[in-house]
> 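Just dropping this structure here.
What you see is a predicted model; the values in this text were computed from it and never measured. Each chain gets a letter, A, B and so on, in the order its sequence line appears, and its residues count up from 1.
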4 protein chains.
Amino acid sequence: VTAIERVGFIGLGNMGGPMCGHLVAAGFDVTAFDVDAGAVARLVEVGARAAGSAADCASGVEVLITMLPAPPHVESVLLGSSGSDGLIGGLGPGAIAIDMSTSSVAVGSRVVAAARERGVEVLDAPVAGQSIGAKAGTLAIYVGGEEAVFERARPLFDAMGDPARVFHLGPNGAGYTVKLLLNLMWFIESVAVGEVLSVGVRAGVPLEKLHGALVCSPANSVFLERDVRMVLDDGDYDEAFPMRLVTKDLGLAVDLAREVGVPVELSALIEQIHRRVRNLYGDDAGEISAVRLYEDLAGVQLRLPRS
Amino acid sequence: VTAIERVGFIGLGNMGGPMCGHLVAAGFDVTAFDVDAGAVARLVEVGARAAGSAADCASGVEVLITMLPAPPHVESVLLGSSGSDGLIGGLGPGAIAIDMSTSSVAVGSRVVAAARERGVEVLDAPVAGQSIGAKAGTLAIYVGGEEAVFERARPLFDAMGDPARVFHLGPNGAGYTVKLLLNLMWFIESVAVGEVLSVGVRAGVPLEKLHGALVCSPANSVFLERDVRMVLDDGDYDEAFPMRLVTKDLGLAVDLAREVGVPVELSALIEQIHRRVRNLYGDDAGEISAVRLYEDLAGVQLRLPRS
Amino acid sequence: VTAIERVGFIGLGNMGGPMCGHLVAAGFDVTAFDVDAGAVARLVEVGARAAGSAADCASGVEVLITMLPAPPHVESVLLGSSGSDGLIGGLGPGAIAIDMSTSSVAVGSRVVAAARERGVEVLDAPVAGQSIGAKAGTLAIYVGGEEAVFERARPLFDAMGDPARVFHLGPNGAGYTVKLLLNLMWFIESVAVGEVLSVGVRAGVPLEKLHGALVCSPANSVFLERDVRMVLDDGDYDEAFPMRLVTKDLGLAVDLAREVGVPVELSALIEQIHRRVRNLYGDDAGEISAVRLYEDLAGVQLRLPRS
Amino acid sequence: VTAIERVGFIGLGNMGGPMCGHLVAAGFDVTAFDVDAGAVARLVEVGARAAGSAADCASGVEVLITMLPAPPHVESVLLGSSGSDGLIGGLGPGAIAIDMSTSSVAVGSRVVAAARERGVEVLDAPVAGQSIGAKAGTLAIYVGGEEAVFERARPLFDAMGDPARVFHLGPNGAGYTVKLLLNLMWFIESVAVGEVLSVGVRAGVPLEKLHGALVCSPANSVFLERDVRMVLDDGDYDEAFPMRLVTKDLGLAVDLAREVGVPVELSALIEQIHRRVRNLYGDDAGEISAVRLYEDLAGVQLRLPRS
C-alpha cells in the first residue's frame with residue numbers, strides 16, 4: 001500500500017477550513033472546494049489547489065473528505081439527487097471517501113452501499129473540539145469503518161487532530177454513533193446543571209459554594225467543572241455551536257435510538273427542551289443556552305468566574 | 001467557647017455506626033442509642049456509653065447527633081408527635097443538634113423553629129461517601145447553619161469525614177439542599193449513561209471502545225469514568241444505597257424544587273424512572289439499577305471491568 | 001337515625017359561600033365561619049348564624065363541613081398544631097366531619113385517625129364544577145367514607161350538588177383520590193390539546209377544520225369539544241381556578257402516586273409543565289393556560305368561538 | 001369535468017382490501033395490485049381487474065390510490081428509487097394520485113413536487129376507523145389538496161367512508177397532519193388512562209366506581225368512555241393496529257412537530273413510552289397496550305366490562 005498523496009476536501013467553513021489547512025501544511029496535495037469562493041481562496045493562499053466544482057474536487061484523488069453541515073448535504077454531495085449521480089460515482093476503485101460531518105447512520109449506510117458497488121472505501125469520521133480545536137489541530141476524531149482503511153487514512157487524521165484522541169471505534173457508522181452520543185450526553189448534563197444550580201441558588205445556597213461542593217463530589221462532570229464556567233464567564237452562552245445544529249444532532253441521536261430499538265425518555269426530553277431553547281433564544285443561540293432557560297425560569301443568575 | 005466533650009449519637013446503622021465509632025476514637029465522650037440493641041453493644045465495645053433510650057441519649061450532652069433513614073424519623077425523634085415533646089426539648093440552651101440524615105429542608109425548618117425557642121443551635125450536615133466512606137472516615141460533609149456554630153462543631157466533622165471535604169455551605173437548610181442536589185445530579189447521570197451506552201452498543205459499537213471514547217470527551221463524568229465501572233464490575237448494581245432511599249431522596253429533591261418555584265421536568269422524570277426501577281427490581285435494588293433498566297430494555301449487557 | 005339539623009360550615013369563599021347558602025335555603029340550621037368577616041355577613045343575610053370563631057362553629061353541631069384552600073389549612077383547622085387541639089376535638093361522638101376541600105389522602109388519614117378516637121365520623125367529599133356550579137347547585141361531589149355515614153349526609157350533598165352526580169366511591173380517601181385524578185386527567189388533556197393544535201396550525205391546517213375533525217374522531221374529549229372553546233372564547237384562559245391551586249392539586253396527585261407505588265412519568269411531566277405555566281403567567285393565571293404556553297412557543301393563536 | 005371511471009388501487013391489506021372492494025361495488029372500473037397475489041385474487045372475485053405489476057395498475061387510470069404501510073413504501077411506489085422512476089411518471093396529465101396511507105408530510109411534499117412537473121394532481125387522504133370501519137365502509141377520511149381536486153374525487157371517498165366524516169382539511173399535507181395528530185391525541189389518552197386508573201385502583205377505589213365518576217366528569221374522553229372498555233373487555237388489548245405501526249405514527253407526529261418548530265415534550269414522552277411498550281410486549285402488541293404497561297407496573301387489572 002502506497003502512502004496517500006492526493007486529497008480532495010469539500011466544505012471549508014469554521015471547521016473544514018482549518019482542517020483542510022492542516023492537511024496542506026502536512027504536505028498533502030489538496031484540492032479544495034466550497035460554495036463560498038472566498039473560503040476556497042483562503043485555502044489557495046496557504047497552498048491548496050482550487051477546484052472549480054465539487055466534481056472537479058473528486059477527480060483523480062485518493063481520498064475525498066467532506067465536512068458539511070447536516071445529513072442532507074452529505075447525501076446530496078456524495079450520492080446526488082438520484083442516489084447515483086453524486087461524487088461517489090467520480091471516485092476510482094480503491095479511493096476512500098471520508099465524511100467528517102456530524103451526519104446520520106442512515107445516510108452513512110446509503111453512502112456505503114453506493115460506494116461498495118464501485119469498489120470505493122468509506123470511513124465516517126466526525127470530530128469534537130469545535131473551531132478552536134480545528135484551528136489548533138487538536139480535534140478528537142471518531143472513526144468508523146474497516147481497520148485497514150482506517151490505518152491507510154491515519155496520517156490524515158493525525159494531521160487534523162490530536163493523535164492520542166483519534167479513535168477507531170468499529171465498523172461503518174460507529175464514528176457517527178459515538179459522536180452523536182457524546183453530544184447527547186453533554187446536552188443532558190447542560191440541562192441537569194441548569195436544574196440543579198437554579199434550585200440550589202433559589203434555596204439560598206451561594207452559587208460558588210454550591211458549585212464547589214458539586215465539583216468535589218461523585219456528581220462531578222467535565223461540563224460542571226469546566227464547560228459551565230468557561231462559557232458563562234464569557235456572558236454569551238455561545239462558544240461556536242449554534243442551537244440549530246444542537247437540535248439537529250439531538251434529533252439524530254433520538255432517531256438512532258428509534259432505529260436500534262431503545263426507548264429513550266430522557267434523551268427525547270432533552271431534545272425537546274433544546275427545541276424550546278431554540279424557539280426562545282433563536283437558531284444561533286449558544287450551545288449552553290439550556291442553562292439560560294433555567295436562569296430565566298428561576299429568576300437567578302448562574303454566572304461562574306473562569307477558574 | 002470551650003471545646004465540645006459530651007456527645008449523644010442516635011442512629012447506629014451502616015453509616016451512623018462507623019461515624020459514631022470515629023468520634024469515640026477521637027476522644028469524645030459519646031453516648032450512643034439505636035432501636036437495635038446489637039448496634040449499641042458494638043459501640044459500647046469500642047468505648048461508647050449505652051443510652052437506655054433516645055431521651056437518655058440527649059440528656060446533658062453538648063451536641064446531639066442524629067443519623068436516621070428519612071425525614072419522618074428525624075421529625076419524630078427531634079420534635080416528637082406533637083411538635084414539642086421531642087429531644088430538642090431535652091437539650092439545654094447552647095447545645096447543638098446536628099442532623100446528619102439526608103432529610104428535607106421542610107422538616108429542618110421546623111426543627112430550627114422549635115430549637116430557637118429553647119436557645120438550642122442546629123446544624124444540618126448530611127454526608128456523601130456511603131458506608132465505605134463512613135468506615136474509612138473519609139465522608140464528605142455538607143453543613144448548613146451559622147458560621148460560629150459550624151466552627152464549634154468542626155472537630156466532630158473532621159473526625160468523621162475528610163477535613164478537606166467538610167463544606168460549610170450557608171444558612172440552615174443549605175446542607176440538606178446540596179446533598180439532595182448532588183444525589184439528584186448523580187442519578188441523572190445514571191440514567192444518561194444507561195440510555196447512551198445501550199444505544200451505542202445496540203448500534204454496534206463495542207462497549208469498551210464506546211466507553212473509552214466518552215471518557216476522553218467533554219461528556220465525561222465521575223459516574224461515567226469511575227462509578228459505572230466499580231459497581232457493574234461487582235455484578236450486583238448495589239453498593240450500599242437501596243432504591244427505596246434513592247426514590248425517597250429524589251422525591252425530596254423534586255419537593256424542594258416545588259417549594260422554591262423552579263420547574264424541573266428533567267428531575268421529575270428521573271425520579272419517576274427510579275420509581276419504575278424500584279417497582280421492577282425491588283426496594284433493595286442497588287443505586288445504579290437504572291443502568292440495569294436499560295440493559296433489560298435494550299437486551300444488552302453493560303458490564304465494564306474495574307479499571 | 002334522626003335527620004341532620006345543625007350544621008357548621010367553615011370556609012366561605014367562591015366555592016364554600018354558595019354551597020353554604022344552598023344548605024341554608026334547604027332548611028338546615030347552619031352556623032358559618034370564615035376569616036373574612038364580610039363573607040360571614042353575606043351568609044347571615046340569607047339566614048345563617050354567624051360563628052365568632054372556628055371553634056364556635058363546631059360547637060354542638062351534628063355535621064361540620066370544611067371547604068378550605070389546601071391540605072395544610074384542613075390539617076390546621078381540624079387537627080390543630082399539635083394534632084389534638086383542632087376542631088375534631090370539639091365534636092361530639094356520632095358527629096360527622098365532612099371535608100369538601102381538594103385535600104390529600106395523607107392529611108385525610110390523620111383526620112380519620114384522630115376522629116376515630118373520639119367516635120367522630122369522617123367523610124371526604126371534594127367537588128367539581130367550579131364557582132359557576134357552586135352557585136347553581138350543580139356540583140359533582142366525590143365522597144369517600146362509610147356507606148351508612150354517606151347515607152346520613154346525603155341530604156346535604158343533594159342540596160349542594162347535582163344529586164345524579166353525588167358519587168359514593170369507596171372508603172375514606174376515595175373522594176380525594178378521584179377528585180385529584182379527574183383534575184389530573186383534565187390537565188393532561190389541556191397540555192395535549194396545546195401540543196396537538198399548535199402543531200396542526202403551524203403545519204398549515206386551519207384551526208376550525210382541525211378542531212372539527214378531532215372532535216369527530218376517537219380522540220375527542222370534553223376538554224377538546226367543550227372546555228377549550230369556552231375558555232379561549234372568553235379570551236382570558238381563566239374561568240375560576242388559579243394556577244397556584246392547579247399546581248397544588250397536580251402535586252397532590254403525583255404525591256398520591258408515590259404513596260401507592262405507581263411510577264407516573266406522564267403525570268409528573270404534566271405537573272412540571274404547569275409549574276412552568278405558573279412561573280411564566282403568574283399564580284392567578286387561569287386553569288387553561290397550558291394552551292397559552294403552546295400558543296406562545298409556536299407563535300399561533302388557538303382561539304375558538306363558543307359553539 | 002367528466003366523472004371518474006378508471007381507478008388503480010395498490011395495497012390490498014386489512015384496510016386496502018375492503019376499501020378497494022367498496023369501489024368495485026360502487027361501480028368503478030378498478031384495477032388492483034398487491035405483492036400478495038392472494039389479496040389480488042380476492043378482489044378479482046368481487047369484480048376487480050388484476051394488475052400484473054404496480055406499473056400496470058397505474059396505466060391509463062384517472063385515479064391511482066395507494067394504501068401502504070409506511071412512508072418509505074409510499075415513496076418507493078410513487079417516486080421510485082431515483083425519485084423519477086415511480087408510478088407518478090406513469091400517470092397522464094390530469095390524473096389524480098391519492099395516497100390514503102398514514103404517511104409523512106415530508107414524503108407527501110416530494111410526491112407533490114414530482115407530480116406537479118407532469119401535470120398530475122395529488123391528494124393525501126389517510127383514514128381512521130380501523131379494519132372494522134374499512135369493512136363497513138364507515139371510515140373517516142382526512143383529505144389534503146386542492147378543493148377542486150377533492151370535489152372530483154369525492155365520489156370515491158363517499159364509497160369508501162362515511163360521507164359525513166369525509167373532511168377536506170386544507171392544502172396538500174393537511175390530511176396526513178390531521179391523521180397523525182388525532183392518533184397522537186388518542187395515544188396520549190391511552191397513557192393518561194393507564195396512569196390515572198392504576199393510581200386510583202391502587203389507592204383503593206373500586207375500578208367501576210372510579211371509571212364511572214371519570215366518565216361523568218369534564219375529564220371524560222372517547223377513549224375513557226368507549227375505547228378502554230371495548231378493548232380491555234376482549235382481553236387482548238389489540239383490535240387491529242399493531243404497536244410497530246403505533247410507534248411509526250407517533251414518530252411521524254414528533255417529526256412533524258420538529259419540522260414546524262413546536263417543542264412537544266408531552267408527545268415525545270408518549271412516543272417513547274409506546275416504544276417501551278413495543279419492546280416489552282412485541283411488535284404486534286395491540287394499540288391499547290400502554291394500559292397493560294401500567295397494569296404490570298402497578299400490579300392491578302384494569303378490565304372493564306363492555307357497556
> Let me know if Ala257(D) has heavy atoms under 4.5 Å from chain C in its side chain, its backbone, both or neither.
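Interface part for Ala257(D): both.
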> Just give me the residue among Val196(C), Val105(C), Leu214(C), Val205(C) that pairs up with chain D most often, heavy atom to heavy atom, under 4.5 Å.
Val196(C)
> Begin with the C-alpha distance, continue with both residues' side-chain angles, and end with the deciding distance and a verdict on side chain to side chain contact (heavy atoms under 4.5 Å, CB included) for Val262(D) and Leu297(C).
CA-CA 7 Å; Val262(D) 181; Leu297(C) 280 169; 5.6 Å; no
> I need the residue from Gly173(C), Ala253(C), Cys216(C), Gly194(C) with the largest number of non-hydrogen atom pairs under 4.5 Å to chain D.
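Option with the greatest count: Cys216(C).
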> Do you know which of Leu224(C), Leu269(C), Leu256(C) has the most heavy-atom pairs under 4.5 Å to chain D?
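Most pairs with chain D among the choices: Leu269(C).
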> How many angstroms lie between CG in Leu197(D) and CG in Leu181(C), if you round to the nearest 0.5 Å?
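Taking CG in Leu197(D) and CG in Leu181(C), the distance rounds to 8.5 Å.
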> Could you state the interatomic distance from CG (Leu210(D)) to CG (Leu169(C)), rounded to the nearest 0.5 Å?
8.0 Å
> Side chain, backbone, both or neither: which part of Ala128(D) has an atom under 4.5 Å from a heavy atom of chain C?
neither
> Could you show, one pair per line, the donor-acceptor contacts under 3.5 Å between chain D and chain C?
| residue | atom | partner | partner atom | Å |
| --- | --- | --- | --- | --- |
| Arg165(D) | NH1 | Cys216(C) | O | 3.1 |
| His168(D) | O | Lys209(C) | NZ | 3.1 |
| Glu195(D) | OE1 | Ser267(C) | N | 2.8 |
| Glu195(D) | OE1 | Ser267(C) | OG | 2.5 |
| Glu195(D) | OE2 | Glu265(C) | N | 3.1 |
| Glu195(D) | OE2 | Leu266(C) | N | 2.9 |
| Arg202(D) | NE | Val260(C) | O | 2.9 |
| Arg202(D) | NH2 | Val260(C) | O | 2.7 |
| Lys209(D) | NZ | His168(C) | O | 3.1 |
| Cys216(D) | O | Arg165(C) | NH1 | 3.1 |
| Asn220(D) | O | Val222(C) | N | 2.9 |
| Val222(D) | N | Asn220(C) | O | 2.9 |
| Val260(D) | O | Arg202(C) | NE | 2.9 |
| Val260(D) | O | Arg202(C) | NH2 | 2.7 |
| Glu265(D) | N | Glu195(C) | OE2 | 3.1 |
| Glu265(D) | OE1 | Arg276(C) | NH2 | 2.7 |
| Leu266(D) | N | Glu195(C) | OE2 | 2.9 |
| Ser267(D) | N | Glu195(C) | OE1 | 2.9 |
| Ser267(D) | OG | Glu195(C) | OE1 | 2.5 |
| Arg276(D) | NH2 | Glu265(C) | OE1 | 2.8 |

> Working to the nearest 0.5 angstrom, can you tell me the gap between Ile188(C) CD1 and Ile188(D) CD1?
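Between Ile188(C) CD1 and Ile188(D) CD1, I get 9.5 Å after rounding to 0.5 Å.
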> Side chain, backbone, both or neither: which part of Pro171(D) has a heavy atom under 4.5 Å from chain C?
side chain
> Looking only at heavy atoms and a cut-off of under 4.5 Å, which of Ala213(C), Gly144(C), Ala298(C) has the most pairs with chain D?
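Winner by heavy-atom pair count: Ala213(C).
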> What part of Leu180(D) lies closer than 4.5 angstrom to a heavy atom of chain C: side chain, backbone, both or neither?
neither
> Side chain, backbone, both or neither: which part of Val193(D) has a non-hydrogen atom closer than 4.5 Å to chain C?
both
> Give, as side chain, backbone, both or neither, the part of Leu182(D) having an atom under 4.5 angstrom from any heavy atom of chain C.
both
> Using non-hydrogen atoms only, which part of Leu184(C) is less than 4.5 Å away from chain D: side chain, backbone, both, or neither?
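Side chain only.
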> Among Ala192(D), Gly170(D), Gly299(D), which residue has the highest count of heavy-atom pairs closer than 4.5 Å to chain C?
Ala192(D)
